[in-house]
Amino acid sequence: TTLSDLPEPSMRNKADQQLVEIDKKYTGFIHMKAVAGIKMSYQVQQAINSNVNDIIRGFRQDESTSALCSHLYSMIRGNRQHRRAFLISLLNLFDDAAKTEVNMLLYIADNLACSPYQTQEIGRA
């Protein structure tokens, strides 16, 4: 999951392919580790960012704007239960009790805002 958000397209594509293979081999595994993967994705972005004072954003702006973790969401969205559980888990990180770092919340919010949603129902989840 964490390598899917790398800026290098060839590495990103290889990581996406590996996620698909893992999902085929171990059904439900990707869903179970998705939130932890997004958190680790943020940590990887922090590690590869050379300027400590830069704010880490959760989207990529090429020819269009897309979430850094869009491939992960694309894999989960096909199963309604997994999709809802994933989105609710991410939204729960915004609860004060979760004590999630503000910059990580921005990263997660960017990913939520730029994910490839397909139905109107998802926005109301």
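Note that the numbering runs from 1 along the sequence shown for the chain.
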According to the salt bridge (charged side-chain N to carboxylate O under 4.0 Å, His left out) rule, which pairs have a member within residues 44-54, sequence neighbours left out?
-> none
Mind checking side-chain hydrogen bond (donor to acceptor under 3.5 Å, both in side chains) for Gln46 and listing every partner two or more places apart, or none if nothing turns up?
-> Tyr42
How about Arg83 and Leu87: do any of their side-chain heavy atoms sit closer than 4.5 Å?
-> yes
Closest approach of Phe94 to Ile108 (non-hydrogen atoms, all atoms of both residues) | CE1-CG2, 3.8 Å
Got a second to check how far Ile30's CD1 is from His71's NE2, nearest 0.5 Å?
-> 8.5 Å
side-chain contact (heavy atoms from CB on, under 4.5 Å) against Ser89, all qualifying residues, sequence neighbours excluded | Val35
Counting distance only, does the side-chain N/O of Asn51 pair as donor-acceptor with the main-chain N or O of Asn53 below 3.5 Å?
-> yes
Other than Val102, which residues form its hydrophobic cluster under the rule that side-chain heavy atoms must be closer than 4.5 Å?
-> none
Considering residues at least two apart in sequence or located in another chain, which fulfil the side-chain contact (heavy atoms from CB on, under 4.5 Å) criterion with Gln61?
-> Phe59, Thr65
By side-chain contact (heavy atoms from CB on, under 4.5 Å), which residues pair with Lys25, not counting sequence neighbours?
-> none
Judged by atom type as modelled, is there a donor-acceptor pair below 3.5 Å linking the side chain of Asn111 to the main-chain atoms of Cys69?
-> yes
Tracing side-chain contacts under 4.5 Å among Ile, Leu, Val, Met, Phe, Trp and Tyr outward from Leu106 reaches Ile55
Would you indicate whether the side-chain heavy atoms of Arg77 and Pro116 approach each other to under 4.5 Å?
-> yes
Going through the distances and angles, do Ile38 and Phe86 end up as a side-chain contact (heavy atoms from CB on, under 4.5 Å)?
-> CA-CA 11 Å; Ile38 294 240; Phe86 174 65; 3.9 Å; yes
Nearest non-hydrogen partners of Asn79 and His82, listed with the distance = OD1-N, 3.0 Å
With a 4.5 Å limit on heavy-atom distance, are the side chains of Gln18 and Lys14 in contact?
-> yes
Is Thr100 reaching over with its side chain to a backbone N or O of Leu93, donor-acceptor style, under 3.5 angstrom?
-> yes
Short question: side chain of Tyr117, backbone of Leu112 - any donor-acceptor pair under 3.5 Å?
-> yes
From Ile22 atom CD1 to Lys33 atom NZ, the distance as rounded to the nearest 0.5 Å | 12.0 Å
Taking side chain as C-beta onward, heavy atoms only, is His31 less than 4.5 Å from Asp23?
-> no
Separation between OH of Tyr107 and CD of Gln43, rounded to the nearest 0.5 Å = 10.5 Å
Which salt bridge (charged side-chain N to carboxylate O under 4.0 Å, His left out) pairs, counting each pair once, include a residue from residues 97-117, with sequence neighbours left out?
-> Arg57-Asp110
